[in-house]
Amino acid sequence: MRPYPDDLELDQLRRHYVAADRRYLRLNYGIFRLAERERDNLARELAQTAEAITPRELGLLLDCGWRERKTAAWLIAIAGRTAFRPQLGELLLASAGPYAGHAYCIALATFGTAADAGLLTAYLDRYLARPDLAYDQASALGALLHLDTAQGTDHAARFLTPDGPWQRWARERPPRRELEPAECRETMAQYCSFVQKSARHRAVHGR
């Protein structure tokens, strides 16, 4: 059981890992608008941070707000810390706050196992049945499709049948390219590719 941190420790963690260089804001689609050299520098910086942060510190950040959780999930993905899989799955399914769910989906897609597919499937089972809610359904579907492509599985197929769960949910949203399944998969593939790029820096310069 983790010792409960004091406010000073949490403040230090936030300043060092989350707020430094506005990291929590940089972890979005703007990554792909960076010049190649800038993107490589960011990947290297994240690799070093993912190497330096401890499991305890990651756990403390996951107990905080969306900025901390989002940043922690990215670092977990880059470091391949699959021990956090159950906690990420619980946080995703709970959907208790905004903005971090996308990062949980990136981590699960990067882990890429049947266990991760199960967590993404559970999320879609729950939240595609809620046409009134626009949460992280597109990210979860993209993650599941990316995982299927990488592993040669078909976990996402039952959501994509004609007039199936995905179509019924999506028709309640304004028409957007981002809700096309192929676009969801391609977007997630880009995020996972960046995570893998950063992880390679960690493999070269880490322990």
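- Not one N or O on the side chain of R26 forms a donor-acceptor pair closer than 3.5 Å with the backbone of I31.
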Would you mind writing out the side-chain donor-acceptor pairs for residues 100-115 within the sub-3.5 Å range, not counting sequence neighbours?
| residue | atom | partner | partner atom | Å |
| --- | --- | --- | --- | --- |
| H102 | ND1 | S139 | OG | 2.7 |
| T110 | OG1 | I106 | O | 2.7 |
| T113 | OG1 | R85 | NH2 | 3.4 |
| T113 | OG1 | A115 | N | 3.3 |
| T113 | OG1 | D116 | N | 3.4 |
| T113 | OG1 | D116 | OD2 | 2.6 |

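- The side-chain hydrogen bond (donor to acceptor under 3.5 Å, both in side chains) test applied to T161 returns no partner, not counting sequence neighbours.
- Atom CG of residue D154 and atom OG1 of residue T149 lie 11.0 Å apart, to the nearest 0.5 angstrom.
- Side-chain contact between R44 and N41 is present, with at least one heavy-atom pair separated by less than 4.5 Å.
- With sequence neighbours left out, T49 forms a side-chain hydrogen bond (donor to acceptor under 3.5 Å, both in side chains) with R23.
- Remark: T153 engages D148 in a side-chain hydrogen bond (donor to acceptor under 3.5 Å, both in side chains) (not counting sequence neighbours).
- With hydrogens and angles disregarded, a donor-acceptor distance shorter than 3.5 Å links the side chain of R173 to the backbone of P131.
- Using a 4.5 Å cut-off on side-chain heavy atoms (C-beta onward), L128 and Q137 make contact.
- Residues L46 and L42 form a side-chain contact, since some pair of their non-hydrogen atoms from C-beta on lies under 4.5 Å apart.
- Scored by the side-chain contact (heavy atoms from CB on, under 4.5 Å) test, Q167 finds D163 as partners (sequence neighbours excluded).
- Using the six-membered ring where Trp is involved, Y127 and Y135 have ring planes that are tilted, between 30° and 60° apart.
- Remark: N28 engages no residue in a side-chain contact (heavy atoms from CB on, under 4.5 Å) (not counting sequence neighbours).
- A single hydrophobic cluster is seen to contain both Y29 and L141, as judged by linkage of ILVMFWY side chains at heavy-atom distances under 4.5 Å, directly or through other members.
- Scanning for side-chain contact (heavy atoms from CB on, under 4.5 Å) contacts around E38 gives L34, A35, with sequence neighbours left out.
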TODO: Decide side-chain contact (heavy atoms from CB on, under 4.5 Å) for L10 and E68; before the verdict, give the C-alpha distance in whole Å, the side-chain angles of both, and the deciding distance to 0.1 Å.
DONE: CA-CA 10 Å; L10 281 177; E68 295 85 0; over 6 Å; no
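- A50 and I78 get closest at one heavy-atom pair: CB-CG2, 3.8 Å.
- Considering only heavy atoms from C-beta on, F32 comes within 4.5 Å of Y191 through its side chain.
- Expressed to the nearest 0.5 Å, how far CG of L75 lies from CG of L61 amounts to 8.0 Å.
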Would you tabulate the side-chain donor-acceptor contacts of residues 174-182 under 3.5 Å, counting partners in other chains and residues two or more places apart, or write 'none'?
| residue | atom | partner | partner atom | Å |
| --- | --- | --- | --- | --- |
| R177 | NE | E183 | OE1 | 3.2 |
| R177 | NH2 | E183 | OE1 | 3.4 |

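- Applying the side-chain contact (heavy atoms from CB on, under 4.5 Å) test to Y99 and every residue at least two apart in sequence or in another chain returns W66.
- Rounding to the nearest 0.5 angstrom, the gap separating the CD atom in Q48 from the NE2 atom in H201 is 9.5 Å.
- The side-chain hydrogen bond (donor to acceptor under 3.5 Å, both in side chains) search around Y17 returns E57, not counting sequence neighbours.
- Rounded to the nearest 0.5 angstrom, R14 CZ and L60 CG are separated by 10.0 Å.
- Between R126 and S95 there is no side-chain heavy-atom pair separated by less than 4.5 Å.
- Contact detail for S198 and A43: the closest heavy-atom pair is OG-O, 2.6 Å.
- For residues 97-110, the set of pairs meeting the salt bridge (Lys or Arg N to Asp or Glu O under 4.0 Å) definition, not counting sequence neighbours, is empty.
- A ring-ring contact (aromatic ring centres under 6.0 Å, His included) check over residues 140-188, counting only residues at least two apart or in different chains, returns the pairs W166-W169.
- No side-chain donor-acceptor contact under 3.5 Å links S193 to the backbone of A189.
- R39 contributes atom CZ, which lies 14.0 Å from atom CZ of R37 (distance to the nearest 0.5 angstrom).
- Residues L144 and Y123 fail the side-chain proximity criterion, which asks for heavy atoms closer than 4.5 Å.
- Within the 4.5 Å cutoff, the side chain of D125 has heavy atoms near those of the R158 side chain.
- Hydrophobic clustering (ILVMFWY, side-chain heavy atoms < 4.5 Å, transitive): L147 and F194 are in distinct clusters.
- Judged by distance alone, with hydrogens and angles left aside, the side-chain atoms of K70 form a donor-acceptor pair with the main-chain N or O of L27 at under 3.5 Å.
- No side-chain donor-acceptor contact under 3.5 Å links R185 to the backbone of G142.
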Open item on the list: Walk me through whether L119 and L92 qualify under side-chain contact (heavy atoms from CB on, under 4.5 Å).
Closed with: CA-CA 8 Å; L119 294 172; L92 178 63; 5.7 Å; no
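- Across all non-hydrogen atoms, the minimal contact from L62 to Q87 is CB-NE2, 3.5 Å.
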